[in-house]
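Heads up: the structure comes next, in structure tokens.
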Amino acid sequence: MMKNRKKQIVLAVILLVIVGALYYLSTFNIKNIKVNGCVLSSEEDIKKAVEDSMIMSNTLVLYIQNKIKPIDDIPFVAKVSFDYVDKNTVRIDVYEKSVAGCIEYMESYVYFDRDGVVLETSKSKYDGVPYIKGISVSYWQLGEELPIENKKKFEKILNITQLIDKYELKIEGIEFTAEDEIILRHDNIEIELGDGKNLPIQMMNLGNILAEIEGKSGVLYMKEFDSENSTASFKVR
């Protein structure tokens, strides 16, 4: 009889611990989701992706779930990481894919990285991503290099986008003329670079030149700008 009583006490204690643990676990209910790092992606899309993936609205469960199967398939997002501010608040840090530029294809925009690999497609044109004008494709495939027939032109495009990224330039558009000369667009300034043979030196100096004419509207001529001739001219319009 004494043994049975001890068993009952032990079971009662275990049950009490389990109930207490479950109650404590229930206090980790997610009430606030904070999102950092969005540029091309939207906070609303990130929150929705997280909420749709949740087994239950609990910070601890979400932590374990993300360790086992991280959230993916969010447009323009390489990965997300979680930081638990408190029992009811989770902060999501967004790491976006490195988008180099985009082209237009059948009323949509196809975005690619510095290697020319297609990252995403969207009906929207996002600010801060250079729009490439003067090239076209007949098809494309997500995760594959853009199938542009003129390989030399495509290599030139990738070179330009890599230099834009390297020197942190704000370029909204890249255009190729009928003569295959390069024109960049920065706010209301059109930048003529010529055939691209002097791209490294031109792009290295472009940021300082643009800073001097910031806010103006016109054409910046840099066709002859090279290591020996560091002169650029600007015509206001």
Side-chain angles (χ1 to χ4, degrees), residues 39-41 72-79 95-187 189-210 219-232:
V39 179
L40 298 178
S41 53
D72 54 14
D73 295 330
I74 305 175
F76 297 106
V77 176
K79 70 172 184 175
Y95 300 89
E96 294 187 332
K97 296 173 182 176
S98 180
V99 180
C102 70
I103 62 170
E104 197 167 357
Y105 177 84
M106 295 179 65
E107 299 182 354
S108 291
Y109 295 95
V110 180
Y111 293 85
F112 59 90
D113 65 13
R114 292 176 54 183
D115 297 314
V117 175
V118 177
L119 298 173
E120 305 287 349
T121 181
S122 174
K123 291 288 185 182
S124 302
K125 167 66 180 71
Y126 295 98
D127 293 337
V129 178
Y131 168 64
I132 318 297
K133 188 176 179 180
I135 63 169
S136 60
V137 294
S138 57
Y139 72 96
W140 58 270
Q141 188 172 341
L142 197 66
E144 299 291 335
E145 186 178 297
L146 277 171
I148 296 174
E149 292 182 4
N150 191 329
K151 291 296 182 183
K152 285 187 178 180
K153 181 182 285 189
F154 193 42
E155 287 172 4
K156 197 176 290 185
I157 290 169
L158 295 180
N159 190 21
I160 294 169
T161 56
Q162 288 168 9
L163 289 168
I164 288 172
D165 184 53
K166 179 179 180 179
Y167 296 113
E168 300 180 348
L169 301 171
K170 181 187 173 187
I171 300 296
E172 293 85 26
I174 303 170
E175 181 179 344
F176 286 85
T177 68
E179 294 76 28
D180 259 2
E181 294 196 336
I182 303 163
I183 297 175
L184 305 184
R185 301 191 184 281
H186 166 86
D187 291 339
I189 298 172
E190 193 174 279
I191 306 155
E192 296 191 2
L193 297 179
D195 60 10
K197 63 182 179 182
N198 298 313
L199 270 174
I201 191 72
Q202 289 170 327
M203 300 296 277
M204 183 174 67
N205 290 275
L206 182 56
N208 290 333
I209 295 172
L210 289 175
V219 180
L220 175 62
Y221 297 94
M222 295 184 68
K223 288 185 180 183
E224 307 302 323
F225 195 104
D226 56 28
S227 56
E228 295 180 358
N229 176 26
S230 58
T231 302

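Quick caveat: nothing in here was measured; it's all calculated off a predicted structure.
Expressed to the nearest 0.5 Å, how far CD1 of Ile135 lies from CD1 of Ile157 amounts to 3.5 Å. Summarising the geometry, atom CG belonging to Asp195 is positioned 7.5 Å from atom CD1 belonging to Ile182; distances are rounded to the nearest 0.5 Å. Atoms CD1 and NZ, from Ile74 and Lys79 in turn, are 13.0 Å apart once rounded to the nearest 0.5 Å. In this structure, NZ on Lys197 lies 11.5 Å from NZ on Lys223, to the nearest 0.5 angstrom. With rounding to the nearest 0.5 angstrom, the CG atom of Leu193 is 4.5 Å from the CG atom of Leu184.
Exactly one residue among Leu40, Val129, Val39, Leu119 makes a side chain to side chain contact (heavy atoms under 4.5 Å, CB included) with Phe76. That residue is Leu40. Of the candidates Val137, Val118, Leu142, Val118 is the only one forming a side chain to side chain contact (heavy atoms under 4.5 Å, CB included) with Val110.
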Checking side chain to side chain contact (heavy atoms under 4.5 Å, CB included) for the pair Glu192/Val219: CA distance, chi angles, key distance, verdict?
CA-CA 7 Å; Glu192 296 191 2; Val219 180; 3.9 Å; yes
For Glu145 and Phe112: C-alpha separation, side-chain torsions, deciding distance, then whether side chain to side chain contact (heavy atoms under 4.5 Å, CB included) applies.
CA-CA 8 Å; Glu145 186 178 297; Phe112 59 90; over 6 Å; no
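Of all heavy-atom pairs between Asp165 and Arg114, the closest is OD2-NH1, 3.3 Å. Across all their heavy atoms, Leu158 and Thr161 have their closest contact at O-OG1, 2.9 Å.
Using a cut-off of 4.0 Å between Lys/Arg side-chain N and Asp/Glu carboxylate O, Lys170 and Asp187 are scored as salt-bridged. With salt bridges taken as basic N to acidic carboxylate O contacts below 4.0 Å, none links Arg185 and Glu172.
By the 6.0 Å and 45° rule, Lys153 stacks over the aromatic ring of Phe176.
A 4.5 Å side-chain heavy-atom check between Ile160 and Leu163 finds every atom pair outside the cut-off. A heavy-atom distance below 4.5 Å is found between the side chains of Ile201 and Phe225. Leu220 is listed as a side-chain neighbour of Leu206, based on a closest heavy-atom distance under 4.5 Å. Contact check for Leu199 versus Lys156: side-chain heavy atoms found under the 4.5 Å cut-off. Between Lys166 and Met203, the closest side-chain pair of non-hydrogen atoms is not below 4.5 Å. At a threshold of 4.5 Å between non-hydrogen side-chain atoms, the residues Ile164 and Pro130 count as touching. The shortest side-chain heavy-atom distance between Ile191 and Ile171 falls under the 4.5 Å cut-off. Between Tyr105 and Leu146 there is no side-chain heavy-atom pair separated by less than 4.5 Å.
Panel note: side chain Thr121, backbone Tyr109; a donor-acceptor pair is recorded below 3.5 Å.
Tyr126 and Tyr111 have tilted rings, their planes meeting at an angle from 30° to 60° on a 0 to 90° scale.
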